[in-house]
Amino acid sequence: MYRDSSNQSGDRSEITVYLDLIKRGWIVNMPSSRDAVYDMVVDMGGSFETIQVKTMSGNSITKIVDRSGERVSHNGKVRNSLDYAKHNIDWLAGVSKAGDVYYYKLDNYSKIPSKSFSVNKWPSDEFPVNTVSKRHVSG
């Protein structure tokens, strides 16, 4: 049972991106810890790319999470702000309430001069597609 709608919407967004990447022909791996800076890793057939998934607020994607000294728990450690570009996350994926996915490469989203940005103002990048053979290959 979900106790927090934020966790629920985050999980829905991650599953949406996960399924979109599979449709694009990629194998997707999830980190074993929620402490990872990224949400998933895509096997690009010889290289790996990290993705951070953000649930969009309206038409905006957050690229820097400002936790403003928020505590993890009562008397717990202070959480710091997190800039995904400074952590070299290869892709930001924003998911709208309608389930549309917007991908942004590190080279592009890192140059946007704000903590969040509008998908209407900043055009998204096309995540690559791996064309998968339609015939069954036995091993």
Side-chain angles (χ1 to χ4, degrees):
M1 166 177 78
Y2 281 100
R3 291 178 281 154
D4 184 319
S5 64
S6 176
N7 284 337
Q8 183 183 29
S9 65
D11 285 352
R12 290 179 60 199
S13 293
E14 285 182 22
I15 289 168
T16 299
V17 172
Y18 184 87
L19 291 173
D20 184 64
L21 293 168
I22 290 171
K23 285 181 196 173
R24 292 172 183 269
W26 302 112
I27 294 173
V28 183
N29 298 292
M30 308 292 263
S32 61
S33 172
R34 292 198 65 90
D35 281 341
V37 180
Y38 53 84
D39 289 319
M40 50 191 70
V41 178
V42 180
D43 180 344
M44 305 292 286
S47 66
F48 295 89
E49 304 248 337
T50 52
I51 299 180
Q52 174 62 38
V53 178
K54 303 307 294 178
T55 302
M56 294 170 57
S57 176
N59 63 4
S60 291
I61 298 174
T62 301
K63 71 175 201 134
I64 300 175
V65 177
D66 183 5
R67 295 189 172 125
S68 301
E70 166 191 343
R71 293 206 176 267
V72 175
S73 62
H74 183 66
N75 294 327
K77 70 178 183 177
V78 174
R79 297 172 83 180
N80 297 320
S81 295
L82 187 61
D83 182 337
Y84 299 114
K86 287 184 180 175
H87 282 66
N88 292 314
I89 302 302
D90 298 305
W91 294 86
L92 275 185
V95 180
S96 72
K97 290 197 186 319
D100 299 316
V101 181
Y102 300 87
Y103 293 100
Y104 290 85
K105 290 182 197 177
L106 172 61
D107 290 347
N108 294 328
Y109 80 80
S110 64
K111 295 174 186 164
I112 299 172
S114 57
K115 291 181 180 180
S116 64
F117 60 92
S118 168
V119 298
N120 295 335
K121 181 176 179 183
W122 300 93
S124 62
D125 297 302
E126 185 62 36
F127 198 90
V129 173
N130 175 39
T131 304
V132 179
S133 172
K134 296 197 186 295
R135 63 186 176 95
H136 178 72
V137 179
S138 59

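Everything quoted here is computed from the prediction, not taken from an experiment. Below, all heavy atoms of this structure are taken into account, side chains as well, without hydrogens, waters or symmetry copies. In this chain, residues are counted from 1 in sequence order.
Taking each heavy atom of T55 and S13 in turn, the nearest pair found is OG1-OG, 2.6 Å. Minimum heavy-atom separation, G25 to V132: CA-CG2, 3.7 Å. Summarising the geometry of N88 relative to T50, their closest heavy-atom pair is O-OG1, 3.9 Å, with the distance given to 0.1 Å. Taking all atoms of both residues into account, the shortest heavy-atom contact from V37 to Y84 is O-CE2, 3.8 Å.
Under a hydrophobic clustering in which Ile, Leu, Val, Met, Phe, Trp and Tyr are joined whenever their side-chain heavy atoms come within less than 4.5 Å, directly or via other members, I89 and I61 fall into the same cluster. By the criterion of side-chain heavy atoms lying less than 4.5 angstrom apart, applied directly or through intervening Ile, Leu, Val, Met, Phe, Trp or Tyr residues, V95 is not grouped with V65; the two fall into different hydrophobic clusters. In the hydrophobic clustering of this structure, L92 groups with Y38; members are Ile, Leu, Val, Met, Phe, Trp, Tyr whose side-chain heavy atoms approach within less than 4.5 Å, directly or through other members. In the hydrophobic clustering of ILVMFWY residues, with side-chain heavy atoms under 4.5 Å counting as a link, I112 and V101 come out apart. In the hydrophobic cluster analysis, where Ile, Leu, Val, Met, Phe, Trp and Tyr join through side-chain heavy atoms closer than 4.5 angstrom, W122 is grouped together with Y102.
A side-chain contact (heavy atoms from CB on, under 4.5 Å) with L21 is found for exactly one of N130, V28, D43, namely V28.
In this structure, W26 contributes its side chain and P128 its backbone to a donor-acceptor pair below 3.5 Å. T62 contributes no side-chain N or O that, together with a main-chain N or O of I64, makes up a donor-acceptor pair within less than 3.5 Å.
The OG atom of S114 lies 7.0 Å from the NZ atom of K121; values are rounded to the nearest 0.5 Å. Note that the NZ atom of K86 and the OG atom of S110 stand 11.5 Å from one another [nearest 0.5 Å]. Note that NZ of K111 is 6.0 Å distant from CG of D107, once rounded to the nearest 0.5 Å. Rounded to the nearest 0.5 Å, atoms CD (Q52) and NE2 (H87) are 10.5 Å apart.
Looking at D125 and Y109, their side chains never come closer than 4.5 Å, going by heavy atoms from C-beta outward. Counting only heavy atoms from C-beta outward, the side chains of M30 and E14 approach each other to under 4.5 Å. At least one side-chain heavy atom of V17 sits less than 4.5 Å from a side-chain heavy atom of M40.
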- request: Applying side-chain contact (heavy atoms from CB on, under 4.5 Å), run through Y2 and D11 and close with a yes or a no.
  value: CA-CA 10 Å; Y2 281 100; D11 285 352; 2.7 Å; yes

task: Please step through salt bridge (Lys or Arg N to Asp or Glu O under 4.0 Å) for the pair E126 and K105, ending with a clear verdict.
output: CA-CA 9 Å; E126 185 62 36; K105 290 182 197 177; over 6 Å; no

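A ring-centre distance under 6.0 Å is found for F127 and Y103. Y104 and F117 have their aromatic ring centers within a separation under 6.0 angstrom.
Within 6.0 Å of CD1 on I22 lie more than 12 heavy atoms contributed by other residues, nucleotides or ligands.
For the salt bridge (charged side-chain N to carboxylate O under 4.0 Å, His left out) test, no residue two or more places apart in sequence or in another chain qualifies with D39. For E49, the side-chain contact (heavy atoms from CB on, under 4.5 Å) partners two or more places apart in sequence, or in a different chain, are M44, D90, W91.
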